[in-house]
There are 2 protein chains.
Amino acid sequence: MADNTAFPQVDLEHVFYPKSVAVLGTNRVAGTVPHDIFANILKDNFQGIVYPVSPKERSVAGVRAYKYVVDIPDPVDLAILVFPSTVCNLALEQCGQKGVKSAIIISAGFREIGPAGVKREEEIKEIAKKYNISFIGPNCLGVINTDPLSRLNASFARKMPQEGSIAFLSQSGALCTAVLDYAQAKHIGFSKFVSFGNKASISEIDLMRYLKNDPKTKVILIYLEEITDGAGLMNTAREIITETGKPVLILKSGRTREGAAAAASHTGSLAGSDEVCDAAFKQAGIIRCTTIEEMFNSAIALAYQPVPQGKRVAIITNAGGPGVLATDATIAQHLELAKFSAETTEIYKKTLPATANIKNPVDVIGDARADRYRVALGSALADPGVDGVFVILTPQSMTDIENIAREVCATIGKYNKPGYASFMGEQDVAVGINILQQQSIPHYILPESMCRAYASALFFREHRDQTVEQQTEFSGIDKPKAVKVIQDALAAGRKYLPEEESDIVLNAFGLPMLPSGLAHSSDEARKMAEDIGFPVVMKVVSDDIIHKFDVKGVLLDIRSAEAAGDAYDTILRNIAAAKPDAKIKGILIQKMVTRGEEVILGVKRDPSFGAVIMFGLGGLFVEVFKDVSFRVAPVGPRAAGGMIREIRAYSMLAGARGKKPRDIKSVEEAIQRLSLLALELPEIKELDINPLIVNDEGSGCYVADARIML
Amino acid sequence: MADNTAFPQVDLEHVFYPKSVAVLGTNRVAGTVPHDIFANILKDNFQGIVYPVSPKERSVAGVRAYKYVVDIPDPVDLAILVFPSTVCNLALEQCGQKGVKSAIIISAGFREIGPAGVKREEEIKEIAKKYNISFIGPNCLGVINTDPLSRLNASFARKMPQEGSIAFLSQSGALCTAVLDYAQAKHIGFSKFVSFGNKASISEIDLMRYLKNDPKTKVILIYLEEITDGAGLMNTAREIITETGKPVLILKSGRTREGAAAAASHTGSLAGSDEVCDAAFKQAGIIRCTTIEEMFNSAIALAYQPVPQGKRVAIITNAGGPGVLATDATIAQHLELAKFSAETTEIYKKTLPATANIKNPVDVIGDARADRYRVALGSALADPGVDGVFVILTPQSMTDIENIAREVCATIGKYNKPGYASFMGEQDVAVGINILQQQSIPHYILPESMCRAYASALFFREHRDQTVEQQTEFSGIDKPKAVKVIQDALAAGRKYLPEEESDIVLNAFGLPMLPSGLAHSSDEARKMAEDIGFPVVMKVVSDDIIHKFDVKGVLLDIRSAEAAGDAYDTILRNIAAAKPDAKIKGILIQKMVTRGEEVILGVKRDPSFGAVIMFGLGGLFVEVFKDVSFRVAPVGPRAAGGMIREIRAYSMLAGARGKKPRDIKSVEEAIQRLSLLALELPEIKELDINPLIVNDEGSGCYVADARIML
């Protein structure tokens with residue numbers, strides 16, 4: 001990723017809309033990649049000129065061939081390399097000499113095959129830099145642009161997809177072939193279709209930036225195995241979503257440890273934590289999909305229909321059972337069954353048969369024909385209490401599938417609300433499904449998929465309409481103080497900051513610390529404890545002691561000055577016994593907080609997303625239930641509030657079981673300060689505040705213990 | 001359900017294999033239910049004789065009609081009623097007079113439409129009882145038997161399904177039409193296909209019992225909206241699974257409150273708790289499905305292939321991306337990636353190209369043809385470390401889909417291990433999918449569905465091979481003592497047993513109680529507390545006081561005889577102040593247990609499944625995380641152990657965080673005793689033991705507080 005910054009401004013216009021294309025390394029053997037790519041461009045009505053380049057052939061597919069790219073008499077906008085990986089460097093070098101600025105390297109045999117391939121990949125990157133060439137690939141299926149202005153099928157896919165408003169970007173080439181096949185059967189069209197392979201030059205982020213401004217693209221889908229620049233991905237997605245209202249859907253594989261290992265073995269990718277990825281996508285408003293089918297289910301909803309304004313849905317069905325299944329699925333997706341207005345109910349009473357169920361889910365009964373669907377569907381869509389409609393059909397003996405499908409399309413088309421359909425079955429309902437698909441009514445085999453797609457669209461709308469969050473400005477941050485502590489530790493070869501040093505770092509960023517002091521004598525301890533106020537905790541401070549409890553270096557719940565003095569002596573005696581050679585800096589005296597809820601805050605570094613802030617309730621909640629939330633830094637006030645509220649044990653802070661609510665505001669501030677600290681102090685590898693004690697509302701919170709690893 | 005016990009032995013042989021069938025109420029109008037049912041039987045090559053009965057017509061579909069069923073000159077094995085619901089009673093009465101013993105009542109307009117329909121349904125039940133008729137329906141689509149010996153399509157479905165080994169039973173008629181359509185497209189055949197509607201006479205349990213012994217049926221699928229006899233369903237399923245090795249899959253809708261309401265509005269069903277249903281199905285070994293697609297995905301795996309012997313799967317793919325997705329899905333389903341033997345690895349090294357990935361998931365690379373699939377698949381199936389294989393194909397330009405499909409079928413057929421396939425895409429791969437489906441290799445559009453189907457098959461195998469659990473025999477149970485307490489309370493009009501009475505009931509069933517006694521004076525309190533041992537808890541006992549804490553009627557942590565005497569007086573003073581007219585029976589003195597883990601045990605009555613035992617960890621674990629487990633009584637030792645181990649916080653009892661393990665054995669016994677109590681004392685509506693305090697291993701557990709509602 002960092003490498004890419006050295007590349008010139010990526011010029012994707014020449015990738016998608018080249019006037020002239022050279023295919024380097026093509027041949028005359030139909031059924032091989034080098035041949036098929038050239039043939040695909042030629043046969044799929046490309047609007048520019050395509051030149052075959054082949055050292056051995058005089059012509060390919062009836063077109064005069066050139067020995068080398070430099071031999072082509074005209075300028076070349078885009079070079080497509082299908083040579084074996086071992087000679088791609090030479091071919092690219094020649095492209096540079098020819099003045100080509102954009103390329104697609106189809107050839108495999110690079111980073112994905114191990115050290116020899118890594119070396120090859122570095123070599124072509126060097127050449128590309130030298131000549132200012134940006135390229136797609138290597139190790140990819142190619143690029144397709146369905147725009148009639150270009151009609152470029154620079155891929156070895158079996159077929160050119162139909163035109164549409166969905167862009168698909170994929171790190172896996174082979175998956176593209178399955179996706180094209182799947183999509184064609186469902187009449188799903190694409191605007192741009194890109195297999196970007198090893199993304200050695202042009203990344204998914206470059207492609208997203210291009211698609212942001214592509215008027216042909218309404219929805220962006222990405223299959224990713226490796227996230228190299230998580231922050232860039234998030235920022236780009238957020239920009240696209242909020243500025244242009246285009247949804248971004250990502251299928252990120254390698255979710256499990258084993259899956260990540262499988263991904264690594266075939267693309268050499270480095271996987272971050274999947275929980276962090278989940279959280280980061282949500283934060284950016286990216287719809288995360290778990291299967292290809294789920295991705296397209298959501299994509300067609302977003303591409304074909306208005307986004308829903310709310311979660312109140314009406315279900316129209318000609319069968320009770322599927323109505324029940326759809327209701328279950330609706331609720332499972334946190335949607336609601338709409339309540340119909342008196343007017344709607346009146347219309348249903350008048351026009352539907354007496355045996356129909358006129359409550360939501362509306363059962364128009366097995367003998368319903370198109371007219372009954374029209375009334376039920378139209379009235380629901382017209383009802384101000386309904387945000388969207390699900391139409392279900394089962395192929396009963398009296399069901400006029402074709403006409404009902406037409407009526408469903410016509411009726412949904414009249415309203416600016418989303419309407420989706422599920423014609424259940426397969427062969428008999430095919431005639432209806434075909435009509436729905438051709439008229440861009442999202443269709444789902446299962447009511448369950450339909451509800452999930454609606455929920456995704458709703459998730460998108462909420463994020464699209466969110467204002468950009470301002471980061472809180474904190475004054476009085478003493479970064480140099482924190483840096484000095486860290487630098488000193490690093491200079492001394494230490495990878496761990498003891499508590500008193502951690503406290504300085506946290507304090508420098510304004511995290512709420514407990515009153516404390518370092519005593520060097522029992523007298524000082526007595527006085528200091530008195531000043532701090534009882535009860536206090538006393539702990540030995542020594543670079544030589546990490547686990548203070550183990551050497552009896554900590555005494556709790558000291559309730560008088562006298563006891564503090566005694567504790568000072570006791571701790572020294574304990575250390576003398578357990579670790580006689582430890583150099584003691586003093587005894588830390590700290591206010592002891594006995595009440596309040598214990599929460600945990602943490603910082604970790606994710607290889608994909610960078611600084612990540614973690615929040616959870618203390619102890620078992622984290623250990624047993626993994627009840628924690630994550631956000632990628634920077635974390636603003638809204639995100640901080642969100643991460644507190646989304647844990648399942650939130651009620652413990654909000655005032656469950658008749659308790660007073662805790663000071664959540666102060667935790668929100670602590671999270672934001674920690675986020676700032678994490679960004680400003682990249683030397684910190686890991687940080688745990690465990691626990692942060694949260695007092696009742698208005699009474700703040702305190703760092704009771706913290707641990708920093710460098 | 002209870003009603004059904006009064007019915008004669010259900011004779012389903014005459015429903016599925018009738019020699020003669022009369023269709024009562026048929027007509028000449030094609031496209032209507034009364035006509036189509038007769039026509040379906042006639043045209044689908046029924047092996048017996050079918051008689052049209054129509055008061056108005058002389059013939060139907062070219063066959064001589066009879067005015068009334070009694071006019072038919074020959075015996076009638078099965079009557080099918082398609083008259084309007086208002087005259088079904090008369091038609092059934094005539095069937096009785098004619099001596100017909102089996103019927104299918106297609107007509108709607110009964111219980112599902114409300115009070116008038118309920119009355120009609122009761123009426124036909126009475127008539128059926130009078131004449132010993134058992135019947136399917138009313139309000140159903142009918143019955144199909146594909147067995148060539150019968151070939152009966154007594155339904156108004158659009159088509160007769162192909163023959164196969166899957167039986168499908170459905171409470172929803174309309175869903176059947178969608179299922180038939182879906183199944184035909186996928187070449188899925190059925191043995192028996194039954195829409196059982198309101199199950200006023202023949203229930204899903206009767207049908208299951210029949211299918212248990214049906215040699216044509218290998219797998220049983222059920223769509224249910226209402227469980228009337230949960231215990232019967234569980235026992236029947238368990239019998240089928242363990243005795244005949246036929247899997248039972250149920251799609252139970254109405255999972256959410258709203259879904260249950262929707263189900264109630266169209267069949268008048270009464271829903272129990274969905275969590276209990278989940279637990280009960282698992283307990284019985286029933287595979288619970290959440291969608292129709294998931295149900296058939298599992299069904300074809302079970303019907304077509306051997307059940308897996310373990311969870312170690314090999315993935316064979318021609319594309320890296322889908323391999324990663326399949327790996328994620330494998331792990332998500334708690335399966336494992338198999339590790340190949342040295343032999344297998346050697347074969348792969350020798351025969352697969354250098355660029356192939358020979359570790360699991362095995363990537364045979366995009367240009368793989370049938371021979372490479374054969375080697376990879378065959379060696380994996382032959383490897384003793386592999387329990388099953390997933391074959392993935394993407395339609396790349398060089399992919400010979402048809403031959404690979406044939407090779408996959410042939411190779412899987414050679415081994416007694418399950419092999420499933422996912423040919424990803426739709427149109428291009430259709431030729432391959434078709435071959436797989438016709439040769440009974442389970443095929444899935446998504447690798448994710450494939451993994452889930454495998455996991456279901458594994459779940460089935462584990463339950464099939466489980467021995468029937470023996471219930472523990474407990475001696476010294478004093479049921480009469482418990483009954484007396486309950487009867488006295490009921491006689492006094494009380495719906496609530498106070499603690500001291502609850503204690504007697506629990507004690508009578510041998511649940512471990514804390515040492516305690518009832519003191520009537522401060523002197524007695526002193527002595528009694530001394531005998532029990534300190535610390536003790538003291539609580540007022542009075543029928544007039546339910547919330548003892550509110551009136552300061554409880555004092556904790558009393559540590560000496562003197563303090564016990566004082567506490568006695570204090571409590572009396574507190575009550576005199578807060579509730580001067582309360583009649584006090586005495587002060588309960590109870591051993592106070594301060595250590596140990598707090599768990600909760602409960603009994604509730606589910607309308608579908610009866611006595612249900614609940615277990616969970618105390619406090620927040622239940623409230624915040626709903627971390628509880630359920631079992632339907634009787635709960636044997638294995639089930640009791642299972643319910644303790646399946647909660648997420650189990651590690652808290654097993655000895656997490658360096659603590660000693662708790663006495664889990666004693667909790668297992670307590671659960672079993674509670675299960676016995678729940679079955680023996682049906683007057684108890686609800687019982688909570690909260691908490692049961694569990695000591696360290698070997699030191700038992702104690703009921704610290706309990707509450708019984710009658």
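Within a 6.0 Å sphere centred on NZ of A:K186, heavy atoms belonging to other residues, nucleotides or ligands number more than 12.
A distance of 5.5 Å separates CE of B:M398 from CZ of A:F156, quoted to the nearest 0.5 Å. For the atom pair CD (A:Q396) and CG (B:L175), the distance works out to 10.0 Å, reported to the nearest 0.5 Å.
For chain A, no part of B:K359 is nearby; none of its heavy atoms comes within less than 4.5 Å. Proximity to chain A is limited to the side chain of B:D627, based on heavy atoms less than 4.5 angstrom apart. In this structure, chain B has a heavy atom under 4.5 Å from the side chain of A:E448, while its backbone stays farther away. With a threshold of 4.5 angstrom between heavy atoms, B:L251 approaches chain A through side-chain atoms but not through N, CA, C or O. For a residue to count as touching a neighbouring chain, one of its non-hydrogen atoms must lie under 4.5 Å from one of that chain's; by this rule B:T32 does not touch chain A.
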> Going through the distances and angles, do A:Y223 and B:L325 end up as a side chain to side chain contact (heavy atoms under 4.5 Å, CB included)?
Replying inline: CA-CA 11 Å; A:Y223 170 79; B:L325 290 171; 4.1 Å; yes
>> Quick one, A:Q184 with B:E426, criterion side chain to side chain contact (heavy atoms under 4.5 Å, CB included). Give me CA distance, side-chain angles, the key distance, then yes/no.
In response: CA-CA 8 Å; A:Q184 187 173 52; B:E426 192 152 330; over 6 Å; no
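The side chain to side chain contact (heavy atoms under 4.5 Å, CB included) with B:T291 is formed by just one residue from the set A:I445, A:L446, A:D328; it is A:L446.
Comparing A:R648, A:E293, A:K159 by heavy-atom pairs within less than 4.5 Å of chain B, the highest count is held by A:R648. When each of A:L393, A:I315, A:T399 is scored by its heavy-atom pairs under 4.5 Å with chain B, the top score falls to A:T399. Chain A forms the most heavy-atom pairs under 4.5 Å with one residue out of B:V179, B:L337, B:T327, B:T317, and that residue is B:T327. Options A:P395, A:S253, A:A185 differ in how many heavy-atom pairs under 4.5 Å they form with chain B, and the most are formed by A:P395.
Here the side chains of B:V324 and A:E225 are in contact, with some heavy-atom distance below 4.5 Å. By the 4.5 Å heavy-atom criterion applied to side chains, A:E258 and B:E336 are not counted as neighbours. Within the 4.5 Å cutoff, the side chain of A:L180 has no heavy atoms near those of the B:D428 side chain.
Here the closest heavy-atom approach between residue A:T394 and residue B:A178 is recorded as CG2-CB, 4.2 Å. Closest non-hydrogen pair, A:A332 versus B:R255, comes out as CB-NH2, 4.2 Å.
Checking side-chain atoms of B:D181 against main-chain N and O of A:M424 turns up no donor-acceptor pair under 3.5 Å.
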